[in-house]
Amino acid sequence: MTIPHYDVVIAGSGPAGCTAAIRLKQLNLSVCIVDNAKSSALKVGESLPGAAIRLLNRLGIKEMNQLLPQSDYSPCIANVSAWGMDEWTYNDAIRNPENGGWHILRHKFDNALRQLASQNGIPFYNAKLGKVTEVKQEKANYSINFKTKDASLPETISSKWVVDATGRASAIIKQFGIERLAFEEQMAAIAWLKPSSEKNEDSTTRIKSVENGWWYSAKLPDNTRVVSFHGLPSDIAKMVKSQTLFVSETNKSKTLVDPIAEDEILEGVIARNAGFFKSSDVIGESWLAVGDAALSLDPISSQGMFFALYSGVRGAETIASVIDDNKDRSGIRDAYRQKVENVFVANVNSRKHHYTAEQRFTYHPYWKQYLKPT
């Protein structure tokens, strides 16, 4: 059997991976996506800032309704926060020249980008990626194995470039020995609440700091609501083990206008890594990392989805430029490194501003970690 060959193989079909794939296809490179993602699973990452439309424009999406039906996104009208004090402050989206952005159904957004990639003629291999081996052949730098029992799929494909879009797992670059640098110890306990006609009228994004971390909540387009607590792993583990504890702590925090009950939780409480991470390098001779694989931002920034799209576009354009100038005379790789570094530095500064603004609980181990220099 002939081994399929591509200019670029992208591991991961989230926003960063699909964006990179579509942009590479626009730049006349052959590309495929490899992933075994679940299309129906509820996912975090529901906040999309207004500036993201400029990146979607690069993919041919002029308005959000070209990508999603109106039932899958809704405008974020305002942010309401009680941070560093007990009183709530209100920040209206009308003050933002690019509007307050949107709340999206994240799994529907991911599916829409996969569909857009398919419409652009990009092959999708529904399989778990295996070993990535350097081969140094005339047309290929990598041989990539699949972990699959699907006989219709090839066991191996080859490529000139490989893109790591596997999120915080960083499955590709870890094989290349690239380190992940951690800047905080933070996890999140997350639950989705059933739609309620009596509650759920509040369409704002709500954030509140408490003694051992901070709470977040947003109403989603289908009238469900996401609620999450960000804190130390020990506290998150307790909440995940006890749904009763999660509900009682949610109500104790008074983050929501109305108290909640256990039977309102859709699929239990899950834990997710919510730490601030950076890869020690984001581009090599013929590999590149995008999205969380390159830089996992602190959720307080609400910039994770924007960076996924941004790095997908910039990463694709970087690869195309390097292939066009195979000796990289103008420092194209370094330019991509610098773009990611600029985002990192901006988020370090923003993160420091937010966390040091909370001065009531500096004795607690959670808040103490933010008093240390990054």
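Numbers for residues simply follow the sequence, beginning at 1.
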Determine whether the aromatic ring centres of Phe246 and Trp215 lie less than 6.0 Å apart.
yes
Apply side-chain contact (heavy atoms from CB on, under 4.5 Å) to Lys147 and Leu129, showing your working.
CA-CA 6 Å; Lys147 292 181 179 179; Leu129 204 74; over 6 Å; no
So Phe276 and Phe183, would you call those rings parallel, tilted or perpendicular, with 30° and 60° as cut-offs?
tilted
Tell me whether Asp86 contacts the main-chain N or O of Ala82 through its side chain, where contact means a donor paired with an acceptor under 3.5 Å.
no
Side chains of Arg114 and Asn111: any donor to acceptor distance under 3.5 Å?
yes
Does a side-chain heavy-atom distance below 4.5 Å link Leu256 with Arg225?
yes
Inspect the contact between Arg351 and Glu184 and indicate whether a charged nitrogen and a carboxylate oxygen are less than 4.0 angstrom apart.
yes
Take Tyr216 and Ser81 through the test side-chain hydrogen bond (donor to acceptor under 3.5 Å, both in side chains) and record every step on the way to the result.
CA-CA 9 Å; Tyr216 164 90; Ser81 62; over 6 Å; no
For Asp150 and Thr148, which I'm curious about, is there any donor-acceptor pair between the side chains at under 3.5 Å?
no
Would you name the heavy atoms of Arg272 and Ile190 that are closest together and state the gap between them?
CG-CD1, 3.7 Å
Quick one: does Ser321's side chain have a donor or acceptor within less than 3.5 Å of a partner on Glu317's backbone?
yes
Polar side-chain atom of Asn141 near backbone of Glu134 as donor-acceptor pair, under 3.5 Å
no
Start with the C-alpha distance between Glu285 and Arg333, add both sets of side-chain angles, then the distance that settles salt bridge (charged side-chain N to carboxylate O under 4.0 Å, His left out), and finish with yes or no.
CA-CA 9 Å; Glu285 187 65 27; Arg333 290 181 180 83; 3.7 Å; yes
Given 3.5 Å as the limit, does a donor-acceptor pair link the side chain of Arg106 with the main chain of Leu42, or not?
no
Counting N and O atoms only, with roles assigned by atom type, does the side chain of Gln186 sit under 3.5 Å from a partner on the main chain of Pro299, one being a donor and the other an acceptor?
no
Are Arg360 and Trp367 in a cation-pi setup, meaning NZ or CZ lies under 6.0 angstrom from the ring centre and within 45 degrees of the ring axis?
no
Out of curiosity, does Val247 fall in the hydrophobic cluster containing Val227 (side-chain heavy atoms, cut-off under 4.5 Å, transitive links)?
yes
For residues Thr244 and Ser242, is any side-chain donor paired with an opposing acceptor at under 3.5 Å?
no
Stepwise, does the ring pair (Phe, Tyr, Trp, His ring centres under 6.0 Å) test hold for Tyr6 with Tyr142?
CA-CA 10 Å; Tyr6 301 92; Tyr142 298 105; over 10 Å; no
Please step through side-chain hydrogen bond (donor to acceptor under 3.5 Å, both in side chains) for the pair Asn342 and Gln338, ending with a clear verdict.
CA-CA 6 Å; Asn342 291 344; Gln338 190 59 54; 2.8 Å; yes
Working for side-chain contact (heavy atoms from CB on, under 4.5 Å), residues Val226 and Glu46:
CA-CA 9 Å; Val226 62; Glu46 67 287 328; 3.9 Å; yes
Do Ser217 and Arg206 pair up side chain to side chain, a donor and an acceptor below 3.5 Å, judged on atom types alone?
no
His5 vs Ser30, test: side-chain hydrogen bond (donor to acceptor under 3.5 Å, both in side chains). Steps then yes/no.
CA-CA 9 Å; His5 175 77; Ser30 62; over 6 Å; no
For Val31 and Pro123 the tightest heavy-atom approach is O-CD, 3.2 Å
Donor-acceptor pair, side chain of Ser159 and main chain of Val8, under 3.5 angstrom
no
Minimal non-hydrogen separation, Ala20 against Ala316, with atom names
O-CB, 3.5 Å
Would Met85 and Glu358 satisfy side-chain contact (heavy atoms from CB on, under 4.5 Å), going step by step from the backbone distance to the final call?
CA-CA 8 Å; Met85 55 185 175; Glu358 177 51 86; over 6 Å; no
For Tyr125 and Asp35, what are the C-alpha separation, side-chain angles and deciding distance, and is it a side-chain hydrogen bond (donor to acceptor under 3.5 Å, both in side chains)?
CA-CA 6 Å; Tyr125 293 99; Asp35 198 4; over 6 Å; no
Do Phe344 and Phe307 have their ring centres less than 6.0 Å from each other?
no
With the threshold set at 4.0 Å, does a side-chain nitrogen-carboxylate oxygen contact exist between Lys194 and Glu267?
no
Step through the shown structure and confirm whether more than 12 heavy atoms of other residues, nucleotides or ligands are within 6.0 Å of CD on Glu179.
no
If you take all heavy atoms of Ile122 and Cys32, which pair is closest and at what distance?
CG2-CA, 4.1 Å
Could you go step by step and tell me if Thr255 and Phe229 meet the side-chain contact (heavy atoms from CB on, under 4.5 Å) rule?
CA-CA 10 Å; Thr255 301; Phe229 174 71; over 6 Å; no
Quick one about Tyr366 and Trp214 (side-chain donor to acceptor, distance below 3.5 Å, no hydrogens or angles considered), yes or no?
yes
Give a yes or no on whether the backbone of Ser301 and the side-chain of Asp298 come within a donor-acceptor separation of less than 3.5 Å.
no
Are more than 12 heavy atoms, taken from residues, nucleotides or ligands other than Gln119, located less than 6.0 Å from that residue's CD atom?
yes
Going by atom types only, do Tyr370 and Thr356 share a side-chain donor-acceptor pair under 3.5 Å?
no
Between Ile319 and Leu29, what is the shortest heavy-atom contact and its length?
CG2-CD1, 4.4 Å
